[in-house]
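The block underneath contains the structure these notes are about, expressed in structure tokens.
The chains referred to below are lettered A, B, ... by the order of the sequence lines, with proteins before strands, and numbering in each begins at 1.
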Amino acid sequence: MKFFSKIKYPLLKLIDVSGFKVFDPVIRLLYNEEPQKQVRDIVKYMVLPIIFCFICIWAWNFLGPRHKTKSGEVPTPIEVWNVANDNYRFSEREEEKKTAFSLDGDKRKEEILFVKSEIVKLEEKASFLQQESMRVTEEVKVETDAKLAPVNARKDALKAEIKQAKAEREAEAIAHAEKLMAGQVTPDSLVALIKKHKEAVDEEKAKSKLIGDELNEIRDNPPKRLKEAQLAANKMEDEVLHYKKRIDYLTKGNKEQKIAGLIEKSDTAIAALAAATTPAEAVKQAKAVVSSSEAAESTAEQKYPPAATIFYQTKRSVATVFVGFLIAAFVAIPIGIMCGLNRVVMACLTPIISIFRPVSPVVWLLIFQIVIGAFFPDPETHPLFMFMNSPSNPLAFLRTDPAMIFSACTVAMCALWPALVNTALGVSAIDKDHLNVAKVLRLGFWSRLFKIIIPSSLPLMFAGLRISLGVGWMVLIAAEALSTSDGLGKFVWDEFQNGSSASFANIILACFVVGIIGFVLDRLMIILQRLVSFDDGSAVA
Amino acid sequence: MHDAHRRFDCNKNKFMKKTTKKITVISAALSIGVFSSPMLCAEQLDVEKDTLKFGFIKLTDCAPIVIAKEKGFFEEEGLQVEVVAQPNWKQLLDNVINGELDGAHMLSGQPIAATIGFGTKAHIVTPYTLDLNGNAITVSNAIWEQMQENDEKLDSDNPPHPITADSLKPIVMEAKEAGKKLPMGMVFPVSTHNYEFRYWLAASGIHPGMYTSTDIKGFTDGDIELSTTPPPQMPSTLESGKNVAYCVGEPWNQQAVAKGIGVPVVTNYDIWKNNPEKVFGVTKAWADENPQTLIAVTKALIKAGKWLDATDASGKLTNRDEACRILSQKNYVGADFDVIKNSMTGFFFFQKTDKRPLPDFNVFFKYHCSYPHYSDGIWFLTQMRRWGQITESKPSAWYHETAKSVYLPEVYRKAADLLVAEGTLTAEEFPAVDYDGYKPATSDFIDGVEFDGKKPVEYINSHKIGNKDTVK
């Protein structure tokens, strides 16, 4: 109990520093401190926001399907949840294939038996769902035809009517023209007649367009269950396909099997070499031995080439943003300090800062592709990439490539400015008394820098860095989409390009993933910022 | 026998793990003796590079590359291949040039244009043509209605085909007189789509505009404005009115039908029967460095092409359903299975009510199509000259030389010979040994003009609209 009461204030301090002040009343309530006030606070600052979130989700769920465009409709929260599951299954599949690729021995045999039995089960389900989907398709076709029939009948009737009206009008016009020839009517009246006819044609057109729209409306909006049945059948067929692919990876695509095959080939060649009767034959076989054992060797080093999953893309995005952010910090802080200390430096840099700060990340990316691209004429043999992607490097899973470097540099370029400006501001706003004290103590430049200037400008510096990281994260998504650097940006872009029925839901899913990670990054920076601040931190939200 | 075999395999595997040195591998192999192999009967080439990265654009005609990976044809050649989607044709080409990608799914015009220096300059070569046909021109609903008014035959659920641009011409001219050139979309300046769209328009007397040394957009003298739009954006530009018509590959025409925003009026099969569409391209430098790898890749692609075009006794395409399933995975084309299936299984939806059999809409192997014919390259060169992308007049010999520096039938031939020797394919499935790379002259065009690959300049001159040269 004593321990319990002892950690009260450290706990409160912790949630304060980490920026989760909302939980403050919960802790206090646990300690029975002014329960009524705490409950009131909890209701005000926790329960109400949660209710509000639910209202938002409900509104989304309600309004989404009602907002239709030709490109699709807004997916509901459930659909987004479903694609999140699909993405998870997709990454699981990659893992399963990867395992299958490198399994060997008895485990492989067991796995083959297991997967084969699963295939039988899944195929049964798939064929049932296929039949179901076919049944629904038939049903819907009958229904739609029934709906279309009366409209089509009306359309045909209208067409006949229009045809007749057209013939009548033509006859009338000719008759009128004949009268004109005979001098019975004025030319103006013929013009008026033609004008009237034109109006009639326009009216007819409007009518047929209306019917056409009605037909399209029926054709474009098949009942939802049709799509659902098709998707369910497709999903199961995909699963079957995946299991068959797994069998491939367990048998002929299996690494150890491939090596075994190659060794056997070299064995055959060795035997043939021993039995060779002509020199040419012997040389040929010896070559075969060397080439198949070399192939076996390189196969032994082969790795399963994984497809990009959302988890991999998220990891890569986070890594890229940190690389960019660190570059930005290393450049911005020294320059910022110089600007803050010396007004001449500030004056020199002001035009550069003001001109380049508003430049769009997209522009930077294109510039970096050329400027930095020049340093990697051949990425495969470049030492940086060889080092980053060597199997012993723990970061090899990131599969660093030039596109990633371009994205990181773009992030750095855009994240630079807030940190730079804030650092300069922080340094120039140091209390004059502090500097006077330094003067009195006759501190040298370096001790003045590290003992007084940097410590007292830290809060603002970190406020700037926090903005930088936020900016960097936003910029990154755009940069990745454009540079094809694997990451969340590419995920979004690929989904947009897929244009499938799940694409929109996937994009909204990415929106949540990006948002949540951005939120976590921001919290991390808040903690850092609080840790270096002398004040109570109430200045920062 | 089979189990005993597996046990030996395991023994060998243990050996393999301990060793990476060549000598040890050989001695391990020696100590075990000779067994017949259950797999990998195919003769593997001594490849220079076994881990490759290929790029593709999300269109169904990337199928041979994806299928070669997913059906294990690359692996049979000892290649470990990663297939990566690219955002657009420009970036794809740049990534091939800067070495990020080993090779890629390319527009037929791309290797040629890059080699002659229209756009990004780099010597790109191709040993393999991925497919024939596969594109269509889609017009917006409003334009379709006006076309129907201009030509009563079109006003039906199943209008007669092929549809020419004759009924479009009055609409274009009316708009032009009103001071507005109708905006239309194609996917890339050197894409097949651009040339096909221009061909179709020009065949009905609509001037699609010329490229000049100062007008790289190709609007000069045009009755319309034909500009570049990335394929996935096509349907939405049609809906927003940014384009009133577009020419693009699948699934983007079927998508327009499915969403009810446009009507495909003509496929490129009707514009030029069995026209070459996409190729597999690598840089010349890469091809020189990795000759054996290139042959191995070509072998795998040939197998994939054949798999895609396999039919049963009744002529039904047997593997296309599976191919559509694979392509509908999100890391490949990613569109809905049903949409991809519409065009790939031998049918095409012109309207929701108008589904027609079109067995040759996607051809991946038939008609010796995967062979890199010189005459295909020459056709693209003639179009580049016709529309002014090649700014000065060139002699016939130049066309032949250029085509020969880009297309590599010798690589294809080596791969084919190996496959025939292995017994995977038969010699009849490839062009005859003495074939010179020029397809026989054909007039299978929408306007009936004859194309003979051996007479490029004469061909350029046989068109009404476009540049004319003097025969040298």
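The pair A:E204-A:K166 does not count as a salt bridge, with every side-chain nitrogen at least 4.0 angstrom from each carboxylate oxygen. A salt bridge does not link A:D104 with A:R108: none of the charged nitrogens is closer than 4.0 Å to a carboxylate oxygen. With salt bridges taken as basic N to acidic carboxylate O contacts below 4.0 Å, none links A:D248 and A:K97. No salt bridge links B:E75 with B:K69; every basic N to acidic carboxylate O contact stays at or beyond 4.0 Å. Taking a cutoff of 4.0 Å between a charged side-chain nitrogen and a carboxylate oxygen, B:D102 and B:K49 qualify as a salt bridge. Salt bridge status for A:K141 with A:D145: present, with a side-chain N to carboxylate O gap under 4.0 Å.
With a threshold of 4.5 angstrom between heavy atoms, B:K330 approaches chain A through its backbone and through its side chain. Both the backbone and the side chain of B:I326 come within contact range of chain A, judged by heavy atoms closer than 4.5 Å. Interface remark: B:N98 contributes backbone atoms only to the contact with chain A (heavy atom separation under 4.5 Å). With a 4.5 Å cut-off on non-hydrogen atoms, B:E70 touches chain A through its backbone and its side chain both. In this structure, the portion of B:V81 lying under 4.5 Å from any heavy atom of chain A is its backbone and not its side chain. Within the 4.5 angstrom heavy-atom criterion, only side-chain atoms of A:K209, from C-beta onward, approach chain B. Of the atoms belonging to A:F491, it is side-chain heavy atoms, and not backbone ones, that fall under 4.5 Å from chain B. Heavy atoms closer than 4.5 Å to chain A are found in both the backbone and the side chain of B:D155. For chain A, no part of B:D321 is nearby; none of its heavy atoms comes within less than 4.5 Å. Heavy atoms of B:E152 lying under 4.5 Å from chain A belong exclusively to its side chain. In this structure, no portion of B:P235 lies under 4.5 Å from any heavy atom of chain A. Only the backbone of A:L482 comes within contact range of chain B, judged by heavy atoms closer than 4.5 Å. Contact of A:K303 with chain B is made through the backbone alone, with heavy-atom distances under 4.5 Å. Proximity to chain A involves both the backbone and the side chain of B:Q80, based on heavy atoms less than 4.5 angstrom apart. For A:K235, no part lies under 4.5 angstrom from a heavy atom of chain B. Heavy atoms closer than 4.5 Å to chain A are found nowhere in B:V339, neither backbone nor side chain. There is no contact between A:R93 and chain B, counting heavy-atom distances below 4.5 Å. Proximity to chain B (any heavy atom under 4.5 Å) is shown, for A:D494, by both the backbone and the side chain. In this structure, no portion of A:K287 lies under 4.5 Å from any heavy atom of chain B. Both the backbone and the side chain of B:E100 come within contact range of chain A, with heavy atoms under 4.5 Å apart.
For A:A502, the side chain to side chain contact (heavy atoms under 4.5 Å, CB included) criterion is met by A:V83, A:S500, A:N506, not counting sequence neighbours. A search for side-chain hydrogen bond (donor to acceptor under 3.5 Å, both in side chains) contacts involving A:S485 returns A:R316, not counting sequence neighbours.
In summary, of the residues considered (B:D46, B:V282, B:L52), a side chain to side chain contact (heavy atoms under 4.5 Å, CB included) with B:T293 occurs for B:L52 alone.
With contacts defined as side-chain heavy-atom distances shorter than 4.5 Å, the pair B:D338/A:N234 qualifies. Between A:Y304 and A:E94, the closest side-chain pair of non-hydrogen atoms falls below 4.5 Å. Side-chain contact between B:D336 and B:K341: absent, with no pair of heavy atoms (C-beta onward) separated by less than 4.5 Å.
Your options are A:A307, A:G253, A:S501, A:S291, and the one with the most heavy-atom pairs under 4.5 Å with chain B is A:S501. In terms of heavy-atom pairs under 4.5 angstrom with chain A, the leader among B:K58, B:E82, B:K71 is B:K58. For the set B:E149, B:Q86, B:Q329, B:E322, the entry with the most heavy-atom pairs within less than 4.5 Å of chain A is B:E149.
Looking only at atom types and distance, the side chain of B:N150 has no donor-acceptor partner in the side chain of B:Q146 under 3.5 Å away.
For the atom pair CG of A:D486 and CD of A:E480, the computed distance is 8.0 Å after rounding to the nearest 0.5 Å.
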